[in-house]
Enquirer: 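Supplied in structure tokens, the structure appears directly below.
Order of the sequence lines sets the chain letters (A, B, ...), proteins ahead of strands, with each chain counted from 1.
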Amino acid sequence: MDNKSDDYSKVEEDLLRPITQTGRDFYVTVAILLAIISVGVFAWIIQLREGLGVTGLNRPIFWGFYITNFVFFIGISHAGTLISAILRLANAEWRRAITRSAEVITVLVLFFGVLNIINDLGRPDRLLYTIFHGEFRSPLLWDVVSISIYFICSSIYLFLPLIPDIALMRDKFKGTRKGKIYRILALGWKGTEKQWKILGRAISLMAVLVIPIAVSVHTVVSYVFAMTIQPMWHSTIFGPYFVTGAIFSGIAALLIAMVIIRKSCHLQAYLKPVHFNNLGLLLLVMSLLWFYFTFTENLTSFYGAEPSHLAVFYAKLTGQYAPYFWVMVFLCFILPVAVLSNRKTRTISGIFLVSCGVIVGMWLERYTIVLPTLINPRLPIERGTYTPTWVELAITAACFAAFILLYILFVKAFPIVSIWEIKEGKEVGVEETAERVKSYLPDTVFEKKSGGLGANEINSPSKRENDHE
Amino acid sequence: MAIKRRDFLKIGGGLSLSLPLYTCISDKSYNSTSKSNWLAGVEQWVPSVCQACPGGCGIMVRVIDDRAVKIEGNPLHPLNKGKVCPKGQAGLQLLYSPERVRGPLKKVGDRNEERWETISWDEALNTVSTKLQQLRESGKSHTVAFAGKNQQNTTDELVSRFFEVYGSPNFFKFDEWAALKNAYFVSQGIYDLMAVDLKNSRLILSFGANFLSNWPNVMENQRIYGEKRAEGDLKIIQIEPRFSIEASRADKWIPINRGSEGLLALGIASVLIKERLFNQAFVERFTSQFNEFRSFILQNISLDQVSEMTGVPLSSIIEIAKEFHTRHPAVAVSDFNLSYSANSLFNILAVHSLNALAGNIDSPGGFLRQRQAPVTELPPVTLDSVAKKALSEEEHWGTTESDLPLRSKNTKDMIDSMVNKSPYGINCLFLSSPGYQFVSYIQKKKAEILGSIPFIVSFSPFMDETSSLADLILPDTTFYEKWQDHHSSPLSKIPIVGISKPVIQPLYQSRPLESTLLTLARTMGEDFAQNFPWSDYKELLLYRMKGLFRAKKGSIFSSSYEEAQLRILEERGWWTPQHNSEDAFIKDLLEKGGWQDPSYHFNERSFVYQNNSQRFVFVSSFEIEDVGSNESQENEDYPLRLFLFDLPFTSSDSSSKNMPWYQENLGFRFGILWKIWVEVNPETAGALGIRDKDIVWVESPQGRIKAVARIFPGIGPEIVGMPLNKTEHPLASKGETDINDPLHLLEETYDERTGIPDRMSTRVKIYKARGR
Amino acid sequence: MRKWGMVIDLDRCTGCQACVVACKAENNVVFSDPTQEETHRAISWMSVLTVLEGEYPDVKESYIPRPCMHCENPPCVKVCPVGATYKNPEGIVAQVYTRCIGCRYCTNNCPYTLKYFNYYRPRWSNEMKNLLNPDVSKRQVGVVEKCSFCHHRLQKAKEDARFEKRELREEDYVPACVQTCPTGALIFGDLQNPKSEVHRLSKISRAFRLLEELGTEPQVFYLTEGEWHG
Amino acid sequence: MKKLRKPKKLGLVLVGLTLVVSVFLLVILIDSWGGITQPLPFNHKIHTDNGLACEDCHPNFMEYASSGRPELEICASCHEEALTESEEEKRLMEYIQDGNEIDWVRLYRIPEDVYFSHRRHVAVGNVECAVCHGDIVESTRPPSKVRKISMEKCMDCHEDQEANNDCIACHR
């Protein structure tokens with residue numbers, strides 16, 4: 001037992017280190033981010049005062065950077081909750097170290113998705129009209145509803161598994177002001193049997209609930225485009241296409257976050273190559289799936305050869321937006337497949353590189369969905385061009401910076417790797433997995449070699465199992 | 001430490017969020033809770049006459065609490081029948097232009113600079129009056145000159161009367177139709193325009209005529225076009241180097257080498273004569289010198305040569321000629337566009353000879369002559385000895401010696417003789433909206449004019465090019481703020497007199513030119529003043545209008561039904577009075593907006609042919625070389641020819657600069673709002689490596705200007721087209737817009753006969769400009 | 001109920017722009033400036049589109065005046081999240097500026113790209129504020145606007161008719177563009193009334209509608225003899 | 001050190017918060033102030049008791065959108081000479097003698113985007129003045145507050161009267 005608690009104190013120490021210790025790098029990073037944010041805030045103030053005239057938007061390019069950001073950020077948000085929920089439900093043991101960092105992304109990034117939409121409004125002061133005077137036939141209102149629900153659910157889903165860890169920190173920081181906050185947040189968690197049971201159930205319930213909501217969110221985001229009658233927006237596959245893209249970019253974002261956390265918080269022992277390998281493979285699968293959708297979508301438009309669709313198609317593939325498009329194809333398909341399908345290059349740094357590429361590529365994908373259609377409206381007489389102004393760039397940069405800042409602050413305030421889940425993994429997971437693996441195999445294997453593979457584990461029940469019985 | 005930062009962020013964030021949100025939410029200027037906007041809301045419709053162009057359409061202005069809010073057409077006005085053109089629609093921007101001069105201004109300091117001092121009307125009028133009296137006393141009254149625009153109204157009479165009494169022959173009006181008037185003078189003895197009866201005509205053979213966009217009676221022509229297109233009984237052949245609006249509306253566009261329109265007309269004439277497709281009865285009865293004309297044609301005109309020189313295929317020439325004969329009545333029309341070339345008079349005479357060949361003069365669907373409206377003539381002036389002596393002085397511009405009887409006064413000669421002080425120097429110059437051509441010319445000569453004329457007074461209601469010359473500005477009102485009459489352009493067949501009522505009181509400290517002149521007249525001594533016995537201009541105007549009642553002709557504007565009845569009666573010699581007294585007549589006149597006489601009397605020979613022979617005179621004294629003279633020297637450095645064209649409704653004045661609503665639509669065919677563009681043939685552009693919408697320099701030996709290149713298949717490969725009178729700024733001021741005025745590119749060449757500037761022979765090159 | 005609609009005879013149109021300017025003057029649409037040209041933000045509810053075809057010297061050009069189509073099945077109305085744009089019972093697709101949140105979803109879903117967005121506060125000089133029509137709002141920043149068939153004129157016409165205790169006549173209500181069109185290319189009226197000119201013209205063989213295949217059922221009909229390639 | 005710092009930090013937060021709150025309060029305060037004083041304390045009751053009808057002073061409401069404010073001329077037509085000895089009338093007489101229009105302050109304010117026509121309501125819809133203007137004819141002193149008219153009230157009345165409830169009937 002002593003040995004074990006030593007183990008745990010090591011785990012606790014490792015995982016709480018980012019909270020207890022603050023290095024110079026932290027301040028430098030925060031300062032830089034704050035600088036970027038303040039430029040963005042300045043730009044935003046200007047935009048609020050002057051109206052959207054300070055952006056590069058025009059007629060007929062009514063949507064630009066902000067909407068791209070919106071779709072992109074909502075996409076990223078799928079990283080977290082969806083992946084974590086799927087992995088939880090699938091009982092994938094390797095999930096334990098990564099779920100939280102994933103869930104945080106969801107909650108934080110959703111906020112910036114919404115912020116970009118508000119930012120895009122000509123009259124942000126009338127935002128609440130969507131509630132007071134909402135017309136439910138508009139897909140934009142579906143968005144409002146589904147994103148709000150998603151935000152609430154994923155916040156709960158983030159918070160629930162956080163409770164035991166908060167309680168741990170409450171105990172750790174007793175007496176300080178920090179401790180007081182943790183005490184409030186811990187909601188009186190004492191770690192009783194009943195509480196664990198409720199928590200377990202709640203987490204499972206939320207995991208089940210969150211998956212359809214997450215899928216619906218990005219489907220509905222895609223509907224914003226798909227429900228119009230504009231060429232190459234009005235597409236039936238936009239729902240699954242967007243969801244795929246969302247998960248794809250989400251995984252990439254998660255991987256980047258993991259790599260950075262691993263490095264900066266010295267969690268090499270927790271975030272192991274196997275995690276990266278597994279997620280990397282998932283990324284590869286999503287890349288292929290994404291390419292399939294992209295291919296289908298564009299081929300259909302090309303083959304149908306409706307003039308208005310073709311105009312958009314060519315703007316994308318050979319015209320003004322071709323550079324973006326082909327960079328996107330390279331970053332989202334060629335590079336990932338090349339790197340990830342090879343075991344030798346599927347290293348942490350390789351995966352980091354690919355993930356960064358995918359993030360950029362997926363942003364470009366949103367951009368090449370939003371803009372080519374807008375510059376080529378159906379009436380062939382009207383044509384437009386779009387160049388973002390510094391205001392849009394600054395606000396976009398500030399969104400990214402603010403997201404990173406909030407993420408860092410989260411890491412500063414809460415353990416980014418779930419402590420209790422790691423503990424649980426050791427105590428329950430190992431056995432359960434053995435049991436499960438055993439259940440996959442034909443019974444004959446065990447009959448021949450009695451007391452073989454899993455016998456030891458079964459005979460050494462964990463503390464919690466003991467409590468159970 | 002970390003917490004402190006966070007707190008700071010919170011506070012800062014909170015503040016930075018709340019402030020902009022507040023500024024955004026409380027959109028103060030758009031929540032009208034300000035206390036001073038208590039409006040009575042009284043709405044009126046005031047009938048008036050639009051004078052944004054020489055057309056004089058009837059308008060109804062919606063006035064709410066002394067604010068003019070919207071212009072609509074006066075449905076009773078026979079010219080526009082309730083319709084208004086874009087320029088007229090934008091008219092209120094003229095009225096409420098921020099460029100309006102607020103009151104009399106005196107230039108202080110250097111004359112080349114524009115530093116102004118506000119003075120009172122008394123002081124301003126005193127200055128002018130003293131100046132005028134001094135000059136008159138020293139026997140130099142003839143050294144006072146007036147330059148204004150050509151307008152058909154009583155103001156014109158008043159101004160010329162003023163200068164006649166004062167004793168100055170130098171009353172100058174720029175007239176862009178002068179070449180046409182000269183041509184009619186040569187052929188029919190009328191120094192005036194002829195009306196074209198488009199309504200009854202079945203073929204319009206237009207030699208570059210902008211009858212749908214730049215004639216003073218555009219609104220009439222537009223309406224007729226609409227009606228006839230709906231009926232399907234109209235054919236238009238547009239012969240022009242550039243695919244103009246008219247060309248785009250025509251059934252056939254025939255590009256032609258610039259300046260050779262007259263030759264094509266002669267080519268057509270030669271087909272008509274050779275094939276005997278002309279109206280022999282008419283030619284015998286109503287024309288003279290036909291035999292000379294025929295032998296000239298037969299000897300000198302070879303169709304192959306015509307085809308080669310004009311660039312029009314032989315088959316087209318023959319086809320046009322046949323069509324011109326078969327689709328009777330057909331008219332061959334041309335306008336001031338033809339006069340902007342060195343051989344303008346020939347071109348116009350040649351075109352007009354086609355009408356004589358077809359017998360389309362004084363016949364339905366042909367060329368008619370408008371009867372003057374019977375307004376009361378002003379009483380004869382009594383001149384004192386000073387005036388009599390001064391009026392015998394030579395006018396300040398002579399007509400150029402010519403073999404033809406011409407009557408033209410031209411801008412160039414006038415300004416040149418002023419600058420050169422020959423035969424005498426001008427001591428005082430009055431400027432009152434003298435027109436675009438004039439303005440652009442005086443701008444070129446600004447320094448010389450300032451050097452040679454010691455005192456210049458501008459009446460311009462806006463800060464513009466003329467006011468930059470002036471020593472004193474006596475701001476006129478716009479036409480919305482004063483009494484005015486307007487007589488329809490002689491291009492319409494019926495006489496119309498529109499009455500322009502002040503729609504609102506004069507804004508700021510501006511005063512109508514007319515009342516300024518009447519006031520001045522009163523300061524010039526008893527003898528002088530007795531020639532101007534009217535207490536104000538309105539009185540003078542109504543005095544003239546009473547003639548309409550006494551004439552026992554026509555009627556006040558009425559519904560088209562009543563109008564048709566009246567016409568039928570009148571053409572049979574009947575007329576019934578509608579009003580029993582002058583006062584009742586005047587009251588009704590002011591209410592309905594004007595008077596018209598819808599009847600037209602044909603076959604009044606002495607009225608249509610006022611020359612000695614009372615016949616149409618064919619002119620054949622041209623050299624063929626003269627005809628093709630437009631071929632300016634080939635020049636390797638400047639391989640392209642510049643074609644300047646008037647934008648719709650812009651001709652002859654610069655007031656449109658103050659109408660941003662209207663200006664921004666002039667480039668609609670090229671997707672351009674404000675920039676100046678240059679039209680380039682795709683082939684030429686390809687050879688020069690110029691792409692659509694590139695910014696290019698257009699350079700002539702005179703200078704270069706920046707423009708947006710638009711690839712345009714409606715212009716020949718050797719020509720580039722540029723618009724005139726396009727401003728680049730919505731509220732043009734301080735000469736900003738003139739930097740890119742294509743007139744700067746023109747070489748100074750003129751039609752030797754009429755002195756009209758030639759805007760066809762300048763050669764240019766274009767090349768890409770770096771940057772924007 | 002009436003169904004207001006417009007017929008535009010392209011064969012009559014001379015592209016003179018009177019309708020465009022009349023519209024701006026009637027509806028307080030601010031004029032553009034060179035910056036707006038640069039940034040493609042000029043607003044013009046009625047605009048004359050041009051289609052130029054052919055090569056020198058065989059060139060053809062069509063002028064197509066384009067107001068709001070006031071579709072029977074308007075794509076813009078469907079997507080508005082706050083009901084700021086809606087189809088009124090008399091067939092006018094209306095825009096309520098004070099309700100609009102400026103999301104520009106409707107502008108993107110309009111296949112005719114004829115909705116406009118106020119990127120700035122309208123810049124009227126103090127002098128020119130005098131000519132603003134009190135029947136139509138001054139525009140706010142950040143809202144979408146478009147042709148309204150001059151619906152304020154309809155309200156006025158109804159008011160007048162009721163004041164005079166009579167039925168509204170068709171000719172009582174004409175938008176500013178139609179009223180000023182010099183060639184009579186624009187014709188306005190009640191499409192439901194079988195006796196009306198617009199009803200008759202909308203049924204003749206020269207009639208077509210823009211992007212008819214989209215099923216938006218525009219209430220603006222075009223007439224032309226020739227073929228129009230859109 | 002630590003002990004000293006804490007209140008400082010707290011103070012900073014508090015100052016920040018109060019700043020934000022006070023800015024908002026100020027804004028709300030200024031916006032809803034709306035207190036008005038008329039140049040003259042006009043007594044509606046005296047005038048109506050003396051047999052004046054609404055249209056005698058507000059001449060336009062049957063014909064135009066605006067009802068029209070009483071112009072000095074109208075006042076002067078009765079008050080040729082002082083009719084009473086009241087202080088208010090003395091001031092009115094000064095206005096009349098100087099020929100200065102009285103700058104009456106608007107009581108009813110309608111948002112800029114609403115088109116309201118008196119003619120439409122009174123002449124066409126036969127709405128009594130009192131329906132919107134309450135018992136102002138009975139008042140002896142001018143109201144001191146700007147009346148904002150709420151859309152709900154308009155809508156309720158329109159529904160009751162089965163008047164047009166289309167947005168664009170009122171929103172311009």
Enquirer: Heavy-atom pairs under 4.5 Å with chain C: which of D143(A), I117(A), T55(A), T373(A) has the most?
Expert: T55(A)
Enquirer: Do I101(C) and T130(A) have side chains that get closer than 4.5 Å, going by heavy atoms?
Expert: yes
Enquirer: So for W233(A), is it side chain, backbone, both, or neither that comes closer than 4.5 Å to the heavy atoms of chain C?
Expert: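 The answer is the side chain of W233(A).
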Enquirer: Is any side-chain heavy atom of V141(C) closer than 4.5 Å to one of R123(A)?
Expert: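 Yes - at least one pair of side-chain heavy atoms lies under 4.5 Å apart.
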Enquirer: Measure L374(A) against the heavy atoms of chain C and call it side chain, backbone, both or neither at under 4.5 Å.
Expert: side chain
Enquirer: What part of V224(A) gets closer than 4.5 Å to chain C, counting heavy atoms only: side chain, backbone, both or neither?
Expert: both
Enquirer: To the closest 0.5 Å, what do you measure between OH (Y116(C)) and CZ (R59(A))?
Expert: 4.0 Å
Enquirer: What's the separation between atom CZ in R41(C) and atom CG in L52(A), rounded to the nearest 0.5 Å?
Expert: 8.5 Å
Enquirer: Going from NE2 on H234(A) to CG on L214(C), what distance comes out if it is rounded to the nearest 0.5 angstrom?
Expert: 9.5 Å
Enquirer: Name the region of T216(C), side chain, backbone, both or neither, that has any atom closer than 4.5 Å to a heavy atom of chain A.
Expert: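 Side chain only.
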Enquirer: Sort A84(C) into side chain, backbone, both or neither according to what part of it lies under 4.5 angstrom from a heavy atom of chain A.
Expert: neither
Enquirer: At their closest point, which heavy atom of T98(C) faces which heavy atom of Y129(A), and how far apart are they?
Expert: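 Answer, listing the atom of T98(C) first, then Y129(A): O-CE2, 3.3 Å.
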Enquirer: Counting heavy-atom pairs under 4.5 Å to chain C, which of P139(A), G134(A), P307(A) comes out on top?
Expert: P139(A)
Enquirer: Between V77(C) and R137(A), does the side chain to side chain contact (heavy atoms under 4.5 Å, CB included) criterion hold? Intermediate values first, please.
Expert: CA-CA 9 Å; V77(C) 166; R137(A) 67 187 156 186; 3.5 Å; yes
Enquirer: Apply side chain to side chain contact (heavy atoms under 4.5 Å, CB included) to the pair L121(A) and R104(C), showing each step before the final yes or no.
Expert: CA-CA 8 Å; L121(A) 293 183; R104(C) 306 185 299 295; over 6 Å; no
Enquirer: Write down the atom of P81(C), the atom of L141(A), and the distance for their closest heavy-atom approach.
Expert: O-CD1, 3.9 Å
Enquirer: Between R99(C), Q36(C), K78(C), who has the most heavy-atom pairs with chain A when the cutoff is under 4.5 Å?
Expert: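 That would be R99(C).
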Enquirer: Are any of the side-chain heavy atoms of Y120(C) and E50(A) separated by less than 4.5 Å?
Expert: no
Enquirer: Looking at F111(A), I'd like to know if its CZ atom is crowded, meaning that more than 12 non-hydrogen atoms belonging to other residues, nucleotides or ligands lie closer than 6.0 Å.
Expert: no
Enquirer: Tell me, for C76(C) versus chain A, whether the close heavy atoms (under 4.5 Å) come from the side chain, the backbone, both or neither.
Expert: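 Neither part, no heavy atoms under 4.5 Å.
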Enquirer: Looking at chain A, which one of V79(C), V82(C), T35(C), T39(C) has the largest number of heavy-atom pairs inside 4.5 Å, strictly under?
Expert: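 Ranked by heavy-atom pairs under 4.5 Å with chain A, first place is V82(C).
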Enquirer: Which bit of R66(C) is near chain A, if near means a heavy-atom gap under 4.5 Å: side chain, backbone, both or neither?
Expert: side chain
Enquirer: Would you give the length of the straight line joining atom NE2 of H40(C) to atom OH of Y386(A), rounded to the nearest 0.5 angstrom?
Expert: 13.5 Å
Enquirer: Can you tell me which portion of I61(A) sits under 4.5 Å from chain C's heavy atoms? Options are side chain, backbone, both or neither.
Expert: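 For I61(A), backbone heavy atoms alone lie under 4.5 Å from chain C.
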Enquirer: Heavy-atom pairs under 4.5 Å with chain A are the metric here; pick the option from V143(C), N109(C), I43(C) that has the most.
Expert: N109(C)
Enquirer: Quick check on T387(A) against chain C: is it the side chain, the backbone, both or neither that has a heavy atom closer than 4.5 Å?
Expert: neither
Enquirer: Near F293(A) CZ, under 6.0 Å, is it more than 12 heavy atoms from other residues, nucleotides or ligands?
Expert: yes
Enquirer: Taking side chain as everything from C-beta outward and backbone as N, CA, C, O, which of these in V144(C) sits under 4.5 Å from a heavy atom of chain A? Side chain, backbone, both or neither.
Expert: neither
Enquirer: Sort F225(A) into side chain, backbone, both or neither according to what part of it lies under 4.5 angstrom from a heavy atom of chain C.
Expert: backbone
Enquirer: Of all heavy-atom pairs between I229(A) and P111(C), which one has the smallest distance, and what is that distance?
Expert: CD1-CG, 3.5 Å
Enquirer: Which label fits W63(A) and Y105(C): parallel for a plane angle under 30°, tilted from 30 to 60°, or perpendicular past 60°?
Expert: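 Judged by the thresholds at 30° and 60°, the geometry between W63(A) and Y105(C) is tilted.
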Enquirer: Starting at OH of Y119(C), measure out to CG of N58(A) and round the result to the nearest 0.5 Å.
Expert: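 Answer for the OH-CG pair, Y119(C) versus N58(A), is 5.5 Å.
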Enquirer: Given heavy-atom pairs under 4.5 angstrom as the criterion, report whether the side chain, backbone, both or neither of Y66(A) touches chain C.
Expert: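 Contact with chain C: none, neither part.
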Enquirer: Heavy atoms, side chains only, cut-off 4.5 Å: are Y112(C) and P377(A) in contact?
Expert: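 In short, these two side chains do not touch, never coming nearer than 4.5 Å.
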Enquirer: Considering only heavy atoms from C-beta outward, does the side chain of C103(C) approach that of L140(A) to under 4.5 Å?
Expert: yes
Enquirer: Report the residue from I64(C), L49(C), L114(C) that forms a side chain to side chain contact (heavy atoms under 4.5 Å, CB included) with L379(A).
Expert: L49(C)
